Peer 1: 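Below you'll find the structure I mean.
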Amino acid sequence: MASNVIISKTKIEKPKTDNMKWLPLILIESYLILTLLIYQFGLFKWDTQNTFKFWIYIILYHIAFIAGYIWIARKSANCENIYANNIIKKINPIFGALLLLYVIYVVILYKNTTGYDYSNITSLFSEVAKALENPGKQYYEANERLKTYGGQKIITAVSGIFSVFFYSLIPLATYWWDRLSKVYKALFYAIILLNVSVNVSVGKNSGIFIMLFYFMSSFLLVVVIKGKEQIKTRKSFIFFIGLLCIFSFWFFSRGMETRIGSVVTDANIRNEIQLAEIQANQAQTDKTQSNQNVPSKETERSDIAKIAPEKRYTNLNMPLSAENLFYGVDNYLTNGYFMFSLALSEPVEWCYGLGSSDFLRSNARSVLGINVSSKMLESKLTEKYSGLNYFSSIYTSLANDLHFVGIIVFMLLAGMLTAYIWRDAYFNKNTVAYLLLPLLAIFYLYFPVGNILGNNITMFFAFFELLFLYIGAKYLIKKRIREEDRND
């Protein structure tokens with residue numbers, strides 16, 4: 001009888017059209033193809049290496065993802081006889097508890113984010129004021145503090161465990177918005193601004209962008225799943241997303257300006273160094289093969305430096321702030337693909353499943369004494385090419401554990417999982433599936449940059465906690481269906 005309180009047999013009205021089952025596939029593929037077009041034809045002119053292998057692998061990865069998605073999506077959801085979550089009547093008390101857990105999460109993570117002691121939290125808003133004036137200075141000072149501090153593993157572990165509440169709050173608030181009291185709505189925005197302020201205080205763009213994308217994806221999901229009429233009751237969300245969007249891109253541009261000056265100049269210098277080193281390595285290889293005297297790398301580099309450098313970017317002649325925004329976003333989305341093209345020349349060494357996750361790699365090194373850094377493709381490339389940019393696409397990251405061929409299987413499974421989760425969220429109104437969707441959206445958004453789920457401990461914990469809950473709930477639901485079928 002107790003289980004009837006949690007899970008009840010509910011007939012869910014089938015949507016008027018099945019076309020929406022293809023929506024995630026269309027959005028994900030459109031975005032990833034757009035990043036490839038920007039890479040090939042955008043502002044920066046990348047000198048792609050291993051061109052044939054690069055495009056063959058990229059095409060195979062996309063085909064595998066599409067095939068996996070279609071395989072699951074073409075099967076109709078059973079909307080006539082399923083088990084759905086009961087409508088929770090006491091929304092506000094539950095949401096209040098989530099808000100409290102969210103505040104605890106932000107406070108716990110404060111020290112590991114800023115490098116300051118908890119006593120310094122009272123000076124948060126003065127640090128925000130400094131960051132608005134010079135985010136680059138705050139960024140570098142925070143990095144120095146964190147190097148000295150080193151972080152506390154207990155804080156990291158607790159924040160990871162609590163992260164599921166952090167990543168559930170925004171989608172649940174969006175979903176329940178029209179049923180929340182005005183007090184809880186006001187508290188929600190205040191607590192979100194607290195979290196944004198912590199990231200701003202240390203000049204970090206990534207945390208603010210993740211918050212923006214989480215709001216956007218959660219809002220769009222509610223509109224798609226519950227209907228366009230939800231827009232009328234969530235106008236404050238549109239206003240908040242608009243403000244956060246303007247601020248995020250301004251802060252990004254200002255941050256780049258105060259960190260490195262001009263994104264164009266910095267990226268162009270890096271690109272020229274990369275080009276020179278590639279040519280030098282190739283020249284050295286050619287001379288070795290022809291049994292000629294091989295000059296030192298330094299000599300070859302100086303010879304290449306005498307050649308007039310090719311213009312590596314398209315000049316738009318715009319103010320520095322706008323330049324940093326457009327060129328910065330372009331460089332952010334594309335340099336990982338260039339790193340992937342370089343990685344195709346390197347031998348792959350298995351990293352024991354640790355190569356695609358900073359979090360797992362760090363813990364394996366400190367707890368088990370296993371260090372795979374030297375085996376990683378990224379380490380080999382940064383050692384070989386001094387001008388290499390930091391970001392790595394997810395393909396390079398995953399190749400450390402799966403090889404380039406194994407990523408095809410990964411993409412097939414990713415497509416299948418995405419289709420499963422979307423089907424349950426949209427057709428079956430599965431709450432846990434709905435909570436997983438914004439995390440998946442961020443995961444695919446960061447594909448050109450790296451494995452965000454593997455590198456961000458809070459997202460890592462939140463995703464797998466929700467995924468295990470989703471799988472467990474699916475098992476219990478199917479078990480209950482079988483029991484009722486036997487009874488009938």
Side-chain angles (χ1 to χ4, degrees), residues 102 105-118 120-121 123-152 155-156 159-160 163 166-167 170 191-216 241 243-261 263 266 321 324-325 328-329 331-333 335-336 358-359 362 389-392 439 442-443 445-446 448-462:
Y102 190 101
Y105 169 86
V106 173
V107 172
I108 287 174
L109 206 56
Y110 173 79
K111 190 172 184 179
N112 275 16
T113 303
T114 65
Y116 280 128
D117 289 329
Y118 290 115
N120 255 48
I121 200 167
S123 61
L124 173 62
F125 294 109
S126 65
E127 293 296 313
V128 169
K130 293 178 185 177
L132 294 176
E133 182 180 350
N134 192 333
K137 183 180 178 182
Q138 292 294 102
Y139 175 81
Y140 288 122
E141 287 180 355
N143 280 350
E144 289 302 315
R145 287 196 303 272
L146 289 169
K147 285 179 184 177
T148 304
Y149 165 57
Q152 289 185 4
I155 294 177
T156 302
S159 66
S163 63
F166 171 79
Y167 287 103
I170 294 174
I191 292 169
I192 292 296
L193 287 174
L194 173 66
N195 189 28
V196 171
S197 298
V198 172
N199 284 279
V200 170
S201 70
V202 291
K204 286 187 177 180
N205 301 310
S206 58
I208 304 169
F209 273 116
I210 288 175
M211 182 70 71
L212 170 64
F213 297 138
Y214 226 74
F215 260 97
M216 291 175 66
I241 289 171
L243 285 180
L244 193 57
C245 185
I246 294 169
F247 176 78
S248 299
F249 285 102
W250 172 83
F251 195 69
F252 173 80
S253 176
R254 180 63 179 159
M256 293 299 99
E257 183 180 344
T258 52
R259 285 190 209 176
I260 59 176
V263 170
D266 179 75
S321 58
N324 280 337
L325 176 58
V329 171
N331 195 48
Y332 193 81
L333 290 175
N335 70 60
D358 286 344
F359 161 65
S362 172
N389 284 351
Y390 176 76
F391 296 114
S392 163
L439 281 165
I442 300 293
F443 175 60
L445 187 72
Y446 274 76
V449 182
N451 181 9
I452 186 69
L453 290 183
N455 295 334
N456 186 311
I457 179 176
T458 57
M459 295 189 75
F460 179 90
F461 270 95

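It should be emphasised that the depicted structure is a prediction, and the values quoted were computed from it without experimental measurement. In what follows, residues are counted from 1 in the order of the sequence shown.
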Peer 1: Determine whether a donor-acceptor pair (N or O, by modelled atom type, separation under 3.5 Å) exists between the side chain of Asn199 and the backbone of Lys204.
Peer 2: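 Answer holds: no.
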Peer 1: What pairs with Val449 under side-chain contact (heavy atoms from CB on, under 4.5 Å), at least two apart in sequence or on another chain?
Peer 2: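 Val449 satisfies side-chain contact (heavy atoms from CB on, under 4.5 Å) with Tyr332, Phe391, Tyr446 only.
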Peer 1: Do side-chain atoms of Arg254 reach the backbone of Gly136 as a donor and acceptor pair under 3.5 angstrom?
Peer 2: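 No, the answer is negative, given that no donor and acceptor are paired below the 3.5 Å cut-off.
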Peer 1: Begin from the C-alpha positions of Ile170 and Ile192 and carry the test side-chain contact (heavy atoms from CB on, under 4.5 Å) through to its verdict.
Peer 2: CA-CA 9 Å; Ile170 294 174; Ile192 292 296; 3.9 Å; yes
Peer 1: At their closest point, which heavy atom of Ala131 faces which heavy atom of Phe251, and how far apart are they?
Peer 2: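 The answer is O-CE1, 3.9 Å.
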Peer 1: When rounded to the nearest 0.5 angstrom, what distance separates CD1 in Ile442 from CG in Leu212?
Peer 2: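 Going from the CD1 atom of Ile442 to the CG atom of Leu212 covers 8.5 Å.
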Peer 1: Can you tell me how the ring of Phe252 sits relative to the ring of Phe209, calling it parallel under 30°, perpendicular over 60° and tilted otherwise?
Peer 2: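 If you compare the ring of Phe252 with that of Phe209, the planes turn out perpendicular.
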Peer 1: If you look at every heavy atom in Ser163 and Ala462, which pair is closest and at what distance?
Peer 2: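 Closest approach of Ser163 to Ala462, heavy atoms only: OG-N, 3.4 Å.
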Peer 1: Can you name the residues that form a side-chain contact (heavy atoms from CB on, under 4.5 Å) with Phe125, not counting sequence neighbours?
Peer 2: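 Per chain and number, Phe125 pairs via side-chain contact (heavy atoms from CB on, under 4.5 Å) with Ser197.
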Peer 1: With sequence neighbours left out, write down each residue that passes side-chain hydrogen bond (donor to acceptor under 3.5 Å, both in side chains) with Tyr105, or none if nothing qualifies.
Peer 2: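 So Tyr105 forms no side-chain hydrogen bond (donor to acceptor under 3.5 Å, both in side chains) with any residue.
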Peer 1: Counting N and O atoms only, with roles assigned by atom type, does the side chain of Ser362 sit under 3.5 Å from a partner on the main chain of Asp358, one being a donor and the other an acceptor?
Peer 2: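 No, the answer is negative, given that no donor and acceptor are paired below the 3.5 Å cut-off.
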Peer 1: Tell me, do Leu244 and Met216 make a side-chain contact under 4.5 Å, heavy atoms counted?
Peer 2: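 Not touching, per the 4.5 Å side-chain cut-off.
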Peer 1: Out of curiosity, Ile208 CD1 to Phe247 CZ, how far, rounded to the nearest 0.5 Å?
Peer 2: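 Here the rounded value is 5.0 Å.
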Peer 1: Can you tell me how far CG of Asn205 sits from OG of Ser253, rounded to the nearest 0.5 angstrom?
Peer 2: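 So the gap between those two atoms works out to 10.0 Å.
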Peer 1: Does the side chain of Ile452 come within less than 4.5 Å of Leu445's, by heavy atoms?
Peer 2: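 The answer is no, as the side chains (C-beta and beyond) never meet within the 4.5 Å cut-off.
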Peer 1: Kindly write out the residues that satisfy side-chain hydrogen bond (donor to acceptor under 3.5 Å, both in side chains) with Asn195, not counting sequence neighbours, or none if the list is empty.
Peer 2: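 Asn195 satisfies side-chain hydrogen bond (donor to acceptor under 3.5 Å, both in side chains) with Tyr102 only.
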Peer 1: Looking only at heavy atoms, which two atoms of Tyr139 and Gly203 are closest? And how far apart?
Peer 2: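 That would be CD1-O, 3.7 Å.
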Peer 1: I'd like to know whether Thr114 forms a side-chain contact (heavy atoms from CB on, under 4.5 Å) with Leu124, so could you lay out the CA-CA distance, the side-chain angles of the two residues, the decisive distance to 0.1 Å, and finally the verdict.
Peer 2: CA-CA 10 Å; Thr114 65; Leu124 173 62; 5.8 Å; no
Peer 1: Would a distance-only check, ignoring hydrogens and angles, find a side-chain to backbone donor-acceptor pair under 3.5 Å from Ser201 to Val198?
Peer 2: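 Pair found, side chain donor or acceptor close to backbone of Val198.
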Peer 1: Under the rule for salt bridge (charged side-chain N to carboxylate O under 4.0 Å, His left out), what residues qualify as partners of Lys130, not counting sequence neighbours?
Peer 2: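 Scan of Lys130 (salt bridge (charged side-chain N to carboxylate O under 4.0 Å, His left out), adjacent residues dropped) gives Glu127.
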Peer 1: Taking side-chain hydrogen bond (donor to acceptor under 3.5 Å, both in side chains) as the definition, give me every residue that meets it alongside Thr458, ordered by chain and number, with sequence neighbours left out.
Peer 2: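 Partners of Thr458 by the side-chain hydrogen bond (donor to acceptor under 3.5 Å, both in side chains) criterion, ordered by chain and then number, come out as Tyr167, Asn456.
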Peer 1: Does any non-hydrogen side-chain atom of Trp250 lie less than 4.5 Å from one of Leu132?
Peer 2: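 Yes, at least one pair of side-chain atoms sits under 4.5 Å.
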Peer 1: Step by step, would you call Leu439 with Tyr214 a side-chain contact (heavy atoms from CB on, under 4.5 Å)?
Peer 2: CA-CA 8 Å; Leu439 281 165; Tyr214 226 74; 3.2 Å; yes
Peer 1: Looking only at non-hydrogen atoms, find the nearest pair between Pro448 and Leu333 and report the distance.
Peer 2: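 Looks like CB-O, 3.2 Å.
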